[in-house]
Amino acid sequence: YQERFNGGRPFVLGGYSQGADIALELLKEMPERIVSRMVATYLLGWKVTRETLEEYPNVRPARGADDVGVTICFNSVHTPADAFHAVSDGNAVAINPVNWRTDSTPAVMHDSLTVHLDPASKLLIVEGYDKVDYDTSFFNEGCYHTFEIRWYSDFLRENIERRTKAWLEENGAEDSGDRVIPAAAPRVAREDALEGEPAALEEAVFLNRLDAVVGAGGSVAATFPEIG
C-alpha cells in the first residue's frame with residue numbers, strides 16, 4: 001500500500017479486536033519514514049501493555065482529542081468484572097472516545113448512556129444500557145466488546161478529521177479537498193498506481209478525505225462502514 005498507492009500522503013491505521021492486534025504489530029515495526037506520516041492509530045477493543053510501551057517507541061498513548069502520531073485504545077464494559085480478559089488484561093492505554101479524557105470525567109453518549117474511564121483498570125464503564133437483544137453467548141454479560149464501533153462511530157469519525165487537521169497544521173501540508181496530500185510530496189498518478197489492479201484495491205478509506213490502512217477482526221468489515 002505504501003509503495004504503490006499512498007503517494008506520500010498521511011494515513012490512519014486502525015483495527016478492531018483481532019484486527020487491532022494486527023494493526024498494533026504493524027505499528028511496532030513501522031519505520032520512522034512511515035510513522036512520520038501517520039495521523040493516529042485506532043485500536044478498538046484491544047490492549048496495549050506496559051511492556052509494549054517500553055519496548056516500542058512508535059506506540060504513544062493519546063492524551064487528548066487532537067494530538068497526532070498517537071495510539072487510541074479502549075474497551076467498554078458495564079463493570080470491570082465483566083471484561084473479556086483476552087482483549088483487555090494488562091492494558092496500559094485508554095482514553096474516553098466521547099470526551100477524549102484520560103481521567104474519570106464522565107460523558108453522556110446518545111442521550112441515555114454515561115461513559116467514564118476507570119483509571120485503575122483502563123476500562124470504559126458504560127452505564128444506562130439495557131441488555132434487550134444483546135447477545136451474551138460468547139462474551140460476559142456486561143462486556144460490550146461488540147459495540148465498540150457501533151456506539152462510538154460518530155465520535156471516531158469526528159476525531160479522525162480533527163486529528164487530520166492537526167497533522168496538516170503541524171506539517172505545513174495542504175488539503176486538496178478530496179484527499180489529504182503533504183505539500184512537499186508528489187502525488188502518484190491514479191492511472192499509474194492502478195495499472196493492472198482491480199479498482200477495489202485502490203485504497204482503503206475511512207473518510208473521503210483521508211487514506212487509511214485498516215485491519216479487521218472477526219466478521220467486521222475492514223473499512224469500518226459505520227465510521228464512513
Side-chain angles (χ1 to χ4, degrees), residues 14-24 40-53 59 61-65 70-160 162-163 206 214-228:
Y16 162 72
S17 194
Q18 291 176 323
D21 187 23
I22 294 170
L24 178 59
T41 294
Y42 291 77
L43 305 179
L44 314 185
W46 200 249
K47 59 189 174 185
V48 177
T49 65
R50 178 62 57 187
E51 291 75 16
T52 294
L53 292 176
V59 186
R63 302 298 183 189
V70 296
T71 298
I72 292 90
C73 182
F74 54 82
N75 288 277
S76 301
V77 296
H78 180 59
T79 71
D82 299 318
F84 183 53
H85 300 299
V87 302
S88 60
D89 272 9
N91 188 33
V93 175
I95 193 167
N96 187 334
V98 182
N99 59 11
W100 300 104
R101 303 277 301 229
T102 57
D103 59 17
S104 59
T105 302
V108 176
M109 172 175 66
H110 307 316
D111 297 326
S112 60
L113 304 180
T114 301
V115 184
H116 75 270
L117 180 67
D118 175 31
S121 64
K122 301 296 184 184
L123 292 167
L124 285 182
I125 307 302
V126 181
E127 300 173 337
Y129 178 65
D130 67 23
K131 301 178 178 63
V132 176
D133 296 328
Y134 177 48
D135 182 7
T136 58
S137 59
F138 185 77
F139 299 104
N140 300 329
E141 183 173 328
C143 174
Y144 302 137
H145 184 68
T146 58
F147 288 81
E148 305 293 12
I149 298 174
R150 188 185 314 176
W151 274 348
Y152 306 111
S153 59
D154 289 344
F155 304 102
L156 292 169
R157 182 187 297 111
E158 293 170 1
N159 187 250
I160 289 169
R162 181 171 180 175
R163 291 185 197 274
F206 270 143
V214 183
S219 61
V220 176
T223 50
F224 286 1
E226 296 93 338
I227 295 178

To check you understand the geometry: which heavy-atom pair defines the closest contact between Leu53 and Ala92, and what is its length? CD1-CB, 4.1 Å
Assess the residue pair Leu43 and Val48 against the criterion (side chain to side chain contact (heavy atoms under 4.5 Å, CB included)); give the C-alpha distance rounded to whole Å, side-chain angles, the decisive distance to 0.1 Å, and a yes or no. CA-CA 9 Å; Leu43 305 179; Val48 177; 3.6 Å; yes
As an exercise, state the distance from CG of Leu123 to OH of Tyr144, rounded to the nearest 0.5 Å. 12.5 Å
For a quick check under 3.5 Å, do Asn159 and Tyr42 share a side-chain donor-acceptor pair by atom type? yes
Anything under 30° is parallel, anything over 60° is perpendicular, the rest tilted; go ahead and classify His145 against Phe139. tilted
Does the ring centre of Tyr152 sit less than 6.0 Å away from the ring centre of Phe147? no
Where is the tightest heavy-atom contact between Trp46 and Ala20, given as atom of each residue plus distance? CB-CB, 3.5 Å
What's the verdict on side chain to side chain contact (heavy atoms under 4.5 Å, CB included) for Lys122 and Phe74, showing C-alpha distance, side-chain angles and the deciding distance? CA-CA 8 Å; Lys122 301 296 184 184; Phe74 54 82; over 6 Å; no
Just how far is it from atom CG of Asn75 to atom CG of Asp82, taken to the nearest 0.5 Å? 12.5 Å
Pair Glu127, His116 - check side chain to side chain contact (heavy atoms under 4.5 Å, CB included), show working. CA-CA 9 Å; Glu127 300 173 337; His116 75 270; 4.1 Å; yes
Is there a side chain to side chain contact (heavy atoms under 4.5 Å, CB included) between Val70 and Arg163? Walk through the geometry before answering. CA-CA 10 Å; Val70 296; Arg163 291 185 197 274; 3.7 Å; yes
Can you tell me how far apart CE (Met109) and OG (Ser76) are? Round to the nearest 0.5 Å. 7.0 Å
Report yes if the distance between the aromatic ring centroids of Trp151 and Tyr129 is under 6.0 Å, otherwise no. yes
Contact summary for Lys47 and His85, nearest pair of heavy atoms: NZ-O, 4.1 Å
Looking at Val98, Asn96, Ile95, which hits side chain to side chain contact (heavy atoms under 4.5 Å, CB included) with Leu124? Asn96
First locate atom CG of Asn99, then atom CZ of Phe155, and finally report the distance between them rounded to the nearest 0.5 Å. 9.5 Å
side-chain contact (heavy atoms from CB on, under 4.5 Å) involving Asp118 - partner list, sequence neighbours excluded: Pro80, Ala120, Ser121, Ile125
Give me the atom names and distance for the closest heavy-atom approach of Ala23 to Gly15. CB-N, 4.3 Å
If the test is side chain to side chain contact (heavy atoms under 4.5 Å, CB included), which one of Leu24, Asn91, Val59, Leu44 qualifies with Cys73? Asn91
Taking all non-hydrogen atoms of both residues, which atom of Asp154 and which atom of Arg157 are closest, and how far apart? OD1-NH1, 2.9 Å
Looking at every heavy atom in both Arg101 and Thr105, which two are closest together, and how far apart are they? NH2-OG1, 3.3 Å
